[in-house]
Amino acid sequence: MPTLTIDNRPVTVPDGTKVITAAEQLGIMIPRFCYHPALGSVGACRVCAVGFKEGPIKGVEMSCMVDAQEGMVVATDDPDAVDLRKHVIELLMLHHPHDCPVCDEGGHCLLQDMTISGGHGRRRYAGAKRTHLDQDLGPLVQHEMNRCIQCYRCSRFYQQFCGYRDLGVTGIGTRVYFGRSEPGTLESPFSGNLTDICPTGVYTDKPSRFYGRRWDYERAPSVCIHCSLGCSLTVSARYRKAVRHEARFNAQVNGHFICDRGRYAYAYASQPERPRDALIAGRPATLAQAATQMSERLAAIEKGTGPDGIALMGSARSSLETQALLARLHSEKGWRTPCFSADDAATRVVSSALNTLNATNTIALTEIEGADTVLLVGADPIGEAPMLALALRQAQRDGSRIITVDPRPVTLPCAHDHIAVSGDDLATAVAHLIIGALEPSREIALDADQQDRFKTLKQETRDIPAAAELRAIGHALTTAWRPAFVCGTTVPDPDVPPLMGLLQALVQTSCMWSGLFFPLPGANTFGAHCLGGSDALFEPLLAAVEAGQVKALVVVENDLFSEYPDQQRLAAALESLELLVVMDCVPSAITARADIFLPTQTIYEAGGHYLNNEGRLQVATPVIAGGLSIMDTGGGNHPPREFREDIPGGTPRPAWQYVAGLATGETDPPDVKPLLDEALTAGVADGERVSLPSASREWPSIERIGAGPEGDAGGLTLIESAATFGSEPLAAFSTVLAELTPLFGVTVHSETAQRLGWRAGDRIVIPDSAPALEVVVTLDDRAAPGVLLVPRRIGIDRTALRRYMAHLLAE
Amino acid sequence: MLRPRGAFFERTIEPLELHVSEALIEKLKNEIAAVEHPRELAVDVMMALQDHHGYLSDAARDQAAELLGMSALEVDELATFYTFIFREPVGRYVIHVCDSLICWMAGEENIVDHLRQQLQIDFGQTTADGLFTLLPVCCIGYCDRAPAILVNRRVHGPLTNSRLDELLQKYRAEAAEKPGSNV
Amino acid sequence: MTQDPSQLKGKSLPPPRETSGAEALKALVTGFATTLKHLGRRPITEQYPEEKRELPARSRARIILTRDPDGAERCVACYLCSAVCPVSCISMQSIEGQGGRRMAAWFRINFGRCIYCGLCEEACPTSAIQLTPDYEHCQRAILKSVYEKEDLLVDHCGKDPDYNFYRHAGVATEGLDKGRHEKEAPPVNVRSNMP
Amino acid sequence: MVLDWLLGMIVLLVKLGLILGALLFGAAYLVWAERKFLARLQIRLGPNRAGKFGLLQPIADAMKMLTKEDLVPDGADTFVFKLAPVVVAVTAMLMFAVVPVAPDLVLFGRSIPMVIADLNVGLLFIFALSSLGVYGVALGGWASNSKFALLGGIRGAAQMISYELALGLSLVPVVMLAGSMSLTEIVAAQERVPFIILQPISFAIFVISAMAESKRIPFDLPEAENELGAGFHTEYSGMRFGLFFIGEYVHIQVLGALTAVFFLGGWRGPLLPPVIWLVLKIIFVALIMIWIRGTLPRLRYDQLMALGWKVLIPAALVNIVLTGVLILLV
């Protein structure tokens, strides 16, 4: 822990800290271009020069390249260093184009700041400027190479940090060029970070190109709700339109970056099709009319059938406010327990997963970066939670071993061992891992009861092809120092998470640190689980609707059709309802069927609290007041010249306000904390994790280990799993992401393809599908044999797809 | 092996216009298999393919990438870095003129002027008959034979204008004798 | 009498000079004589609506959006004028126009708020926004003081007849590719065989 | 007897009406004249938009004042606030009651004095009213509940007290020469020589003090726009402000008339009718005052006090002694 003096102020920092970081701790921002806390030092740009006055090093040195040492005296305003910086800036500006007015970086450009603060104002170089041709890098990133100052941040980020290899640096000397070998869409789903990380305007945000300047934007801290990780965002909005997401540093969750799905998903909030008016039986009505009619009709139904006649349907993408008020509606009015997901299979896995979490085994996303072995079971990070893949990449760069056990051909931007195991065998696979971890000698550590249970486990566990490999991995896990265990919650069955919990508990006795990490299906699935959604399944609710017991259904921010597989059954059930109330901010299949529709606000207008996949409470601050963008009201031309008191398109209210109106008759913003504390039994601060139960020493009871696949249909199973783009219900409305969404396809092992008579590139037209559905066949031998893998996609005819697949399975 | 696996990095490449002999491919594959990191052989593979094609065309680059398990961009990064790997077409004989200090003291400028005059081209250009490409090069380590040039990586020096004329004559004769291949 | 202010530092000012009675009387008489003399002179007042004075080219009144020498809109909607405007009377929206040019989809100046300080003109990097000596644009209806882009655009270059931003900018636009701007070398060929 | 009384009453009312009308009309057009004259002194044009030569400007101004909102500031003493401008205007007008505008008029055998009230203590009456006038200023300043107005009011009171003395002392030699305090008598005493020739020092002191009394530049410290907003009448608007305005310009006329009466022989003059002479003399004095306004800057407060106490009063006292000696000797 050396103590050094920077600008006459002492600071003590850990060993190995660079001087530039030490200065940051004092709040001194030393100029930098190439240095970035996430990427480290390379000493390429030479603007972080400072003067070393006393101590082991003397003279002007680069503060990003020098480790802080005891007794150093550093002056950031050393005249020699200042002079050097001034000349370096002038050198960097030598070929810089004269295009700040048309550059989107202008206003938040590090190069602008450094040029001005370095005192460089007038070009002395009279020669011809070096120019470059630009490349089309796809719909997300705009390329403008002339502005480059050769800091190498982009190539270091893209190749070393993210592990993608299609963007880098070519050429030598003055010809150095950052880009691809051929123009084309960037392959990395983290490419949007280039726009944040580039200190000048080489990479700028393409969808928000030319829209505004940083100083004009309304900006507020927010949370990403496009997967369960809950990355921190800064949202920029202008003229009532959210136009940009940027990563906000969060040491526990996402670090400095976010994925492209989270970055470009905001378009749903300002899409022209967004419903902005209340509807009664499909006809526009005022909000007051709709709300009054909703209360009256619900009261009438309640009078007729009792409180049991009204059911509530929440969603995993709603804020905690909305979810908590739905739970209160149940407790106050006696209406049916709210259900938060129509996907019961996932709900079961989620509850078993979250019941496995406790105060000692839960880890945060950035902690995974420090693991030396990561085991992923039934989890596909790139599709389900992209930032997890980036964390794995960091772990792997530090020498960590990554193992994926999955029926899908999991791809990661880093080296990893993949063991293909069919979906029904995942529990068996984990059982094999446990056996491997315990078998050689460690069984002795167990008490008598546990030994018995272990014996049973060993007897019950079925043999699978990869058993030997899995046992070897299980054994290797016991020698790891910092193993992390990641388990998905959509593909595995409910047995897998407790088994993973058991494996972690067994391994924990012999390592420094270990933990469990469960990516969940929705942004606020954790919240839904806490608020009593775990035992509320959709199937019984649907049965009650069909049986006529439930007369009215209130659906809040949930498109049931995208979650529930049998769309025809669902449609018929909804038809039989006396009253269907829908509250949502996006147009969906269910919106059109609503008797009463109430438009809700998005996260940008309403804000809200969210619990991420590890139970961390995070707040999204409202950015805009809501309403149609001025760009829309003016039709692209200047804003209309009229005075009006209301905001056009400003009808939507936060969903919780409608629910609160039903629950208490009041529509003031609820203080979510007491409601939450009720559900969670203890207070929790923003940015902190909710208190989880303390670790239990019990051997978890596992209902079914490794019984063969149920309903064996020739060993074929259909897996619908989340893809990076196109699966998330809100991000699916983003037009730029739609461009990146690949053709809808089915991925199978070549053996399976042979059995089915499919070849790579075959196009299968699904019969009786509306809209017509065509599936492209892709072969991948890293998939488990017998698995038909399709991406989850909003708006496709899943009934027809399932019917066709079932027909295939039956043959 | 620390090589990432997965669909992201797997490319199927179009058949090359000039087919590289199976034997060469087999030889390169064996060499690559023998080393710990395929990257180690990147320059050798590029050189081998360049010798085959005359220069490292896009197709050759893609083939090198496939052989080495690298992305096309990664190969490009190296190819554009090294002076002796040509990403653009060159003539049959590539003349590198050393422009470092010793050669300059020994009269490199005269050599250059003479070459320019004889070949009617400037640096970076190829003669109309496709025989010679003139390129400058930094010190090639033959200071003892200054002023020196490389023709297809073979050193010649010390040079005078008459020696140079002889040399050009020799290559012209050779080209007339064996048209086509430049390997 | 000019004195270096730094030399005055720390010193008290000299005591005021005493005026003698004769001097005072003389000053008094001079004053009265002067005003009396003025009585006979022709008033210098200009009768505004009847007589209109030609103002200097740099006087600051009505704002215009000029065009470059090629006749294209100069404004690139960079938002600098609206940022610098102390009364926030300028608003606009930038879009990508024809041939990759950044331009204003709409551009609005509310002259009801404008204080004619000229900061927008000073901030404008393309010489697009300029203040003109035309001061006569009062309106009875307040909304008529809100000028849109079509009201602001003129078809000349204003005070800067030669400047064309896109000839210097270095960004590729229709008909002016990379390396064709002033003081620019042709685009680098990364694959060049030259070292 | 009754008829006499009635006739007297009618004559008095007619005189009152005429004088009042003339004074108000004079005040209005004095404003116009001041603006015009001042403008020419400063090589400007002055008002020229309302009517020919801006002649309708006073009417436009009056209409504007009457239609302006009448504001009483929050926290002001409403009664006093409303009273103050009345005091200023009324005292100024009342002073004219003792000014003879012409020799007695003989009509149908009756001699009608061309003065509203020929008091034998006319001079004291004038001093009394002039002292009362300061109340308007001081009260208006105090009642406005504004620091600027209060400062203006205080300055007004202090200035008035200082210059009242010099004003009174400057007229003692006039009374000594005329042997009466009645203004009619004083005018009569100047049948041969106007007192300006006999008493030039008195004249100078009187004019300076009179200007200070009327709070005009260079003695406008109670208003002092650039320090105090508008001094004692900062908070006044509409016609209440108008009353202060009228008060000031009536005061100028009164001072003109008094200067004429005390030093310029009153209505006396050759050829023209007496009333015209008086009016001409009033206009002459007013023009001189405007000229002064157009030329001199405002005095500093200490200069104002020094001039009053250290110069004017001693000079007036010496003048009295000299006059007395001269009267004894001649």
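All heavy atoms count here, side chains included; hydrogens, waters and symmetry mates do not. Labels below follow one simple rule: chain letters A, B, ... track the order of the sequence lines, proteins then strands, and each chain is numbered from 1.
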For chain C, find its close neighbours in residues 169-178 of chain A: heavy-atom separation under 4.5 Å, sorted by number, or none.
-> A/Thr170, A/Gly171, A/Arg175, A/Tyr177
Basic-acidic side-chain contact under 4.0 Å: A/Asp99, C/Arg102 | no
So, C/Glu182 and A/Lys129, do they make that salt bridge, N to O below 4.0 Å?
-> no
Validation row: [X], [Y] side chains within 4.5 angstrom (heavy atoms):
| X | Y | result |
| --- | --- | --- |
| C/Ser91 | A/Tyr239 | yes |
| C/Ser94 | A/Arg213 | no |
| C/Trp106 | A/Asn637 | yes |

Using the test ring pair (Phe, Tyr, Trp, His ring centres under 6.0 Å), find all partners of A/His638 that sit at least two apart in sequence or belong to another chain.
-> none
Go through the steps for C/Glu184 and A/Arg130 under the test salt bridge (Lys or Arg N to Asp or Glu O under 4.0 Å), then give the verdict.
-> CA-CA 6 Å; C/Glu184 267 192 358; A/Arg130 185 229 314 114; over 6 Å; no
Where does [X] contact chain A at under 4.5 Å (heavy atoms): side chain, backbone, both or neither?
| X | value |
| --- | --- |
| C/Tyr166 | side chain |
| C/Ser192 | both |
| C/Asp177 | neither |

Max heavy-atom pair count under 4.5 Å with chain A, selected residue of C/Met92, C/Lys149, C/Lys183, C/His168 =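 Option with the greatest count: C/Lys183.
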Relative to the ring of C/Phe165, is the ring of A/His98 parallel (under 30°), tilted (30 to 60°) or perpendicular (over 60°)?
-> tilted
So, does A/Arg209 use its side chain to make a donor-acceptor pair with the main chain of C/Glu96 at under 3.5 Å?
->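 No, the answer is negative, given that no donor and acceptor are paired below the 3.5 Å cut-off.
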C/Gln93 side chain to A/Tyr211 main-chain N or O, any donor-acceptor pair under 3.5 Å?
->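 A pair under 3.5 Å: yes.
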